[in-house]
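What follows is a single structure, written as C-alpha cells, with notes after it.
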Amino acid sequence: MTREIAVVAFAQTDHRRTSEEFSEVEMLMPVLHDVLAQTGLKTADIGFTCSGSSDYLAGRAFSFTLALDGVGAWPPISESHVEMDGAWALYEAWTKLLTGDADTALVYSYGKSSPGSVRDVLTRQLDPYYVAPLWPDSVALAALQAQALIDAGDTDEPALAAVAARSRSDASANPHAQLRDPVSQGEYLVRPLRTGDCPPIGDGAAAVILAAGDRARDLCERPAWIRGIDHRIEAHGLGVRDLTDSPSARLAAEKAGAFERPVDTAELHAPFTSQEVVLRKALRLGDDVRVNPSGGALAAHPIMAAGLIRIGEAAARVHRGESDRALGHATSGPCLQQNLVAVLEGDPR
Amino acid sequence: MPDVLKAPLVVEFPFTRSLGPVQSAFLTGLRERVVLGVRTGGDDGRVLVPPVEYDPVTAEELHDLVEVAPTGTVTTWAWNPAPRRGQPLSTPFAWVLVRLDGADTALLHALDAPGPDAVHTGLRVRVRWAAERVGAITDIACFEPYDGEAVQLKGNTGQFENPVTGIVAPARLDYTYSPGRAQSAYIHALGDRRMVAERCPSCRKVYVPPRGACPTCGVATAEQVEVGPRGTVTTFCIVNIKAKNLDIEVPYVYGHIALDGADLALHGRIAGIPYDQVRMGLRVEAVWTEGSRYPDHYRPTGEPDAEYDTYKELL
C-alpha cells in the first residue's frame, strides 16, 4: 500500500439544463478526448477504465455499455462500472492502481437528468418496503434535514441564502457551471428549502485520469497526489440517523487523513445549501478554508458526475498551483447518507 | 441538423417483494391497526420504529417485537405545497418524521394539516388509518394533529392470523426520450425510405444504425453514407413463442442482416419466405409498408445467395 497515485488530468462538459440533441455517448465523448489530450495518452495506453452512471436517470437500459463506445473498447479493455457517482468509480480505479495491475486509469461518469423527473427518479433508491411507496422526493428529504438543522440552531434561512449566493457568485469564474450568476432564493419548493437552496437540474459528464508514481510525474507538471481516500455509509432508515450530523463523512475524512493537517481548499458535494452546513461541521472546516471555489453542486449538479467533479476541481487547483492540500468530497443517497473523502496534495513548490 | 426527435417513454413495473419476519409482522400489524417496533439487543435496548430485520449499528438479527402507540411527536417536518404523484395526500401537506410513543426512532410519513403555521417540531400527532388496509406502509393514510389522551396498548407481540408475506409496489417513471444526433438522423432518413449509416473517420468502418461513436476507435462518426436497402442474412433464429401484444404469427424468423455497404449487421424480421427456408447468405431487402416510417421486415430479393467469404467478417 505504498504506491503513490495522483489525479493527473480532469475535464468536464459545460453543464446545461438539457442536452437533448446528444445521446449520452455523444455528450461524453468530447470530455474523454479532452482528458486524454491533456496527458497525450491514447485509449490503448490506459491500464484500467472505470465509469459511474445510473440508467434510471434517463430511463435507458444498459446505457453505460453504449457509453463505452466513446472509449474505444475494442479490442477488449480492462473495464468496470459502478451504478454510483463517478467518485466511487475513482475509488475502484485507485484500488486497481494500488495493486500494481495498472499504472494509469481513466475514470468517467455522466448523468442526463433532463429526460426524466429527477425528484421522482431518486425515490427509487429508497427503502422499498417502508419509504419508496410514499414517493418522498429528493427535495422533501433534504427539507426534513434542513428543518432539523434550523431546530437545532445550526443554521437559519438567511444563512442558507448566503451559502446559495456565495456558491453562484463563485461559479461566475467557472465556465462549465450551469448557474453562473446569483439567482433569487425564490419560493419554497419544500419548506424550509427555497428554489435557491436547491441544485439546478441538468446534464453533464466528467472524466479524470489517474496515474501512479513516475508515470504521474511524466504526465502532469504538478500531480495531485491522493494522500488518502475513504468512503463510509450510514443506516438507510432516516429516522435512525441524526440528520444534523454526518458521522460517515467525518469517519471517511479521518480514514483519509484529512484531520492530520489542515486543508486550504475543500470541494464539497452538497447539493442543498443546508448540507454544506452539515459537512463543514463534520469535516471541521474553518473559515480559512476555501469552500467550493468552483461554485459546487449548487452551480452545476449533473447527478452521477457531480461528486467526481468535486475531486476533479480540487485536483485541478493543485495542478494550477492554487492549492497545496485540498479535500474532495462526494455524497450519495438521501440526506448525505454515504460520503467519500479524498485528500489531494501537490509537491512542495 | 434535423429537429431533435422526442417521444414519451413510460417505464412501469409492479415490483413484487417478499418480506422478512419483522417486516411481515409490522405490515400485518398496520393492517390490524397495530404499530409494532423491534427491540435491539444489549443494555440500551432501543425500540426501532419502523422495525428492521437487522440492527443498523451491530447488524445483529432482531426479532423482539413490541407494540408502540399510534400517537407520537414530530421530530422534524417539511411543508410540501405541491404534492406529487404517488405521495400520501393530494392536497398540500407536511412531510414528517414522527417518534411514536414507546419508540426511540422516527418514522417517515405525511401529516395532514391546514398549513405550515399549524406544524412545528414537537407537535403531537396520531395515525389516521386508511379505510382499506392490505398490509403496507400506506395502511397509514397519514398522521393528523392530536392533543388527546394517551392510547391504551394491548401488548401485541406480532402474532397475527394470515400474516402478509409480500408486498406489490407499483413503480412508474415518465421520461421524454430523445435518441441523440446520430440516431435522430438515421430515424429521419428511414422515414424517407433511406438507410443512412455513418463512417468512422479513423478506421473507415461504416456503422448502421449509427450510434454516434466508433466503438473501436472511440471517436465521433459524422460522415453519412447511404447503405442497403439490400443486404445479406449473416445469421438468424426461428422464433416459436409469441410475445405479448405482438401481432405476428409464429414461427417467424429474426435475423442479422449485413446491408450492402455496411460493416456491421443490424437485425430485423425476415418474411416473404417459409421460415424453414431462410439460410445464411440469403439476399434480402427492406420492405416499408404503406405509411410506415421504418422497415416492417426484410424479404428475399431473388438474387443468388452471397458467398460465405463476402460476409464472414460481419457475423
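Just so you know, these numbers come straight off a predicted model, no measurement behind them. We name chains A, B, ... by the order of the sequence lines, and we start the count at 1 in each one.
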Whatever's closer than 4.5 Å to a heavy atom in chain A on B:Ala82 counts as neither
Determine the option with the most heavy-atom pairs under 4.5 angstrom with chain B, choosing from A:Asp137, A:Leu193, A:Leu238.
A:Asp137
Output for pair (A:Thr123 OG1, B:Arg84 CZ), nearest 0.5 Å, gives 9.5 Å
From the list B:Ala182, B:Ser178, B:Ala94, the residue making the most non-hydrogen contacts under 4.5 Å with chain A is B:Ser178
Calculate, to the nearest 0.5 Å, the distance between atoms CG and OG1 belonging to A:Leu243 and B:Thr75 respectively.
8.0 Å
So which of B:Leu48, B:Leu107, B:Val219 has the biggest tally of heavy-atom pairs under 4.5 Å with chain A?
B:Val219
Which members of residues 164-172 of chain B, sorted by number, sit under 4.5 angstrom from chain A on a heavy-atom basis?
B:Ile167, B:Pro170, B:Ala171, B:Arg172
In sequence, state the C-alpha distance, the side-chain angles, and the governing distance for A:Arg60 and B:Leu9, and then conclude on side-chain contact (heavy atoms from CB on, under 4.5 Å).
CA-CA 10 Å; A:Arg60 296 178 190 224; B:Leu9 170 70; over 6 Å; no
Please determine, among B:Leu173, B:Val49, B:Ile140, B:Asn80, the option with the most heavy-atom pairs under 4.5 Å with chain A.
B:Leu173
Any heavy-atom pair between the side chains of B:Val11 and A:Tyr56 that's under 4.5 Å?
no
Quick one: does B:Tyr175's side chain have a donor or acceptor within less than 3.5 Å of a partner on A:Leu57's backbone?
no
Which of B:Leu108, B:Val98, B:Asp104, B:Thr138 touches chain A most, by non-hydrogen pairs under 4.5 Å:
B:Leu108
Is there side-chain contact between A:Asp127 and B:Val52, with heavy atoms separated by less than 4.5 Å?
no
Donor-acceptor pair, A:His33 side chain versus B:Gly218 backbone, under 3.5 Å?
yes
Do you know which of B:His109, B:Gln183, B:Arg46 has the most heavy-atom pairs under 4.5 Å to chain A?
B:His109
For residues A:Gly239 and B:Thr105, report the shortest heavy-atom separation together with the two atoms involved.
O-CB, 3.4 Å
May I ask you to test the B:Arg17-A:Tyr129 pair for a side-chain heavy-atom distance under 4.5 Å?
yes
Leading residue by heavy atom contact count with chain B [cutoff under 4.5 Å; candidates A:Val240, A:Thr43, A:Val71]
A:Val240
Does atom NE2 of B:His267 have more than 12 heavy-atom neighbours from other groups under 6.0 Å away?
no
Side-chain touch A:Pro128/B:Phe15, heavy atoms, less than 4.5 angstrom:
no
Who in residues 138-155 of chain A is close to chain B, using a strict under-4.5 Å heavy-atom cut-off?
A:Ala140, A:Leu141, A:Ala143, A:Leu144, A:Gln147, A:Ala148, A:Asp151
Return the option, out of A:Gly70, A:Ala132, A:Ser114, A:Gly237, with the maximum number of heavy-atom pairs under 4.5 Å with chain B.
A:Gly70
Tell me whether the count of non-hydrogen atoms from other residues, nucleotides or ligands lying under 6.0 Å of CZ in B:Arg133 goes above 12.
yes
What residue in A:His236, A:Arg119, A:Arg124 has the most heavy-atom pairs under 4.5 Å with chain B?
A:Arg119
Contact between A:Trp135 and B:Pro83 at the side-chain level, heavy atoms closer than 4.5 Å - yes or no?
no
Between B:Arg85 and chain A, with a heavy-atom cut-off of 4.5 Å, which part of the residue counts as in contact: side chain, backbone, both or neither?
backbone
Given A:Pro75, A:Ala235, A:Ala58, A:Pro30, the one with more heavy-atom pairs under 4.5 angstrom with chain B than any other is A:Ala58
Given a strict heavy-atom distance threshold of 4.5 Å, which part of A:Glu26 is in contact with chain B: side chain, backbone, both, or neither?
side chain
Counting heavy-atom pairs closer than 4.5 Å to chain A, which one of B:Ala110, B:Ala103, B:Pro215, B:Ala106 comes out on top?
B:Pro215
Take atom CH2 of A:Trp74 as the centre, draw a 6.0 Å sphere, and report whether it contains more than 12 heavy atoms from other residues, nucleotides or ligands.
no
Measure B:Val96 against the heavy atoms of chain A and call it side chain, backbone, both or neither at under 4.5 Å.
backbone
For the atom pair NZ (A:Lys42) and SG (B:Cys217), what is the distance rounded to the nearest 0.5 Å?
12.5 Å
A quick test of your reading: do over 12 heavy atoms of other residues, nucleotides or ligands sit less than 6.0 Å from NZ of B:Lys205?
no
Pick one of side chain, backbone, both or neither for B:Pro179, based on which atoms fall under 4.5 Å of a heavy atom in chain A.
backbone
With a 4.5 angstrom heavy-atom cut-off, could you sort out which part of B:Ser18 is near chain A: side chain, backbone, both or neither?
backbone
Less than 4.5 Å apart, any side-chain heavy atom of A:Glu187 and any of B:Pro81?
no
